[in-house]
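Chain naming here is simple, since letters A, B, ... match the order of the sequence lines and numbering starts at 1 in each.
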Amino acid sequence: MVSKDLTRSTVFRLNAVPPYNFALTVHKPAGWSLLTPFEIFAKGTLWTAMRTSSGEMFGLKLRSAGTVERPKISCKVFSQEELGASEKREVSKTLAWMLNLKEDITGFYALAKRDPLVRVLVKDLYGMRSTRQPDIFSRLILAVSLQMAPIARSNQMMTLLIKEYGDSVMFDGKDILYWPPPERIADAEVEELRKRCKLGYRAKPLKSIAESIRDGFPSLQKLDGISAEEAKAKLMELEGIGEYSADIVTPHAGFALDVWSAKIFSMLLLRRETESPRDMIPKLKKLAEQRWGRWRGYVFVYVLHDLDNLSRRFNLNLTQA
DNA sequence: GCGTCCAGGTCTACC
DNA sequence: GGTAGACCTGGACGC
């Protein structure tokens, strides 16, 4: 763990395309973190940390300074050195991209007129936006940790990786732990990673992925600039990254069905439980594409954050999937 | 306690 | 091109 004291700060505001619900977007109902599992959300304010593709660490204090229909985000960015004008522009641009401030999702909301499931989702989570990570390595760690493991074990691996190899940034009276930089994992021995972080067979692909990023694998912002198919194919060139993991990592909204989510979408799309969810994944993906088209990624995110309400509305037991 | 099973995929060898 | 089997580890479960 490497600690950094971030004593310099700069403040600015960002506008978003409405509707934009800041709290639902940065602190989603299912408890998924925005940037790191160790971030803090209290009384509408988020303290978190970010590493840009150049490797620099920042502390972030974000809160809403507007409403869902007239959204404004107040951003206080903490850094080790004073930010120049161009750096400030770059951080501001990264934040806007990460928070999806400019995305127009009226097409998704228009689906509610003819799709009863989307109608419920939009009513329950109006203004929630899917977000993106500026740090590709943290997404890849998540994807690899989720493979072939119950969620508690995935969390154990990720927590150990952060505590053993990550960064700690101190700012605004908070101490936020953040994912390791790829160079640190690339320099570690596979056996050391396996033992210290209980990674099992995942240690080898994770080190290989870290080496690829260190050696110039494109950033998520760059992958966002090419087609969804090309970005996915590029991600699948990495060792240990298959279709599911690429769907989790890609900045293009993916439909990352795994065994757990396949059970949920089987009940929602087919109204029945499936005995072999893994075998159903291709069929469910096809059905989702036919029904929701380019907005299927948004349906995916909204569904997984609305399981309690959906279970009640449609009389299904989705939380036990 | 102790043994067994298996999980929120991926890769490879084999047909 | 499709498919069975191996892969780390630790929590859950049965005894």
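For the C1' atoms, the distance from dG10(C) to dC11(B) is 23 Å, rounded to whole Å. Comparing the same atom, P, in dC5(B) and in dG5(C) gives a spacing of 16 Å after rounding to whole Å.
Rounded to a whole Å, the CG atom of Leu304(A) is 14 Å from the P atom of dG8(B). Distance Lys263(A) NZ to dG8(B) C1': 9 Å, rounded to the nearest Å. Atoms CE (Met148(A)) and P (dT9(C)) sit 14 Å apart, rounded to a whole Å. Summarising the geometry, the separation between CZ on Arg194(A) and C1' on dC7(C) is reported as 10 Å, rounded to the nearest angstrom.
Taking a cutoff of 4.0 Å between a charged side-chain nitrogen and a carboxylate oxygen, Arg214(A) and Glu183(A) do not qualify as a salt bridge. A salt bridge does not link Lys286(A) to Glu289(A): none of the charged nitrogens lies less than 4.0 Å from a carboxylate oxygen.
Among the nucleotides dC8(C), dG9(B), dA7(B), the one closest to the side chain of Tyr244(A) is dG9(B).
Taken from CG in Asp124(A) to CZ in Arg313(A), the straight-line distance is 4.5 Å, to the nearest 0.5 Å.
Partner of Lys204(A) under the salt bridge (charged side-chain N to carboxylate O under 4.0 Å, His left out) criterion, chosen from Glu211(A), Glu239(A), Glu191(A): Glu239(A).
Checking dC8(C) for Watson-Crick or G-U wobble geometry (two distances, each under 3.5 Å) identifies no partner in any strand. With both pairing distances under 3.5 Å, dG8(B) is matched to nothing as a Watson-Crick or G-U wobble pair.
Sequence order on DNA chain B of the closest nucleotides to Ile151(A) and Ile241(A) puts Ile151(A) first from the 5' end. Ranked by how close their nearest DNA chain C nucleotide is to the 5' end, Ala152(A) and Arg202(A) are led by Arg202(A).
Trp97(A) and Asp224(A) form a side-chain donor-acceptor contact under 3.5 Å, judged by distance and modelled atom types alone.
Using a 4.0 Å heavy-atom cutoff across all strands shown, Arg278(A) reaches at least one base atom of the nucleic acid. Using a 4.0 Å heavy-atom distance criterion, Ser245(A) is classed as a sugar-phosphate-only contact.
Side-chain to base pairing of Arg153(A) with dC6(B): no donor and acceptor N or O lie closer than 3.5 Å to each other.
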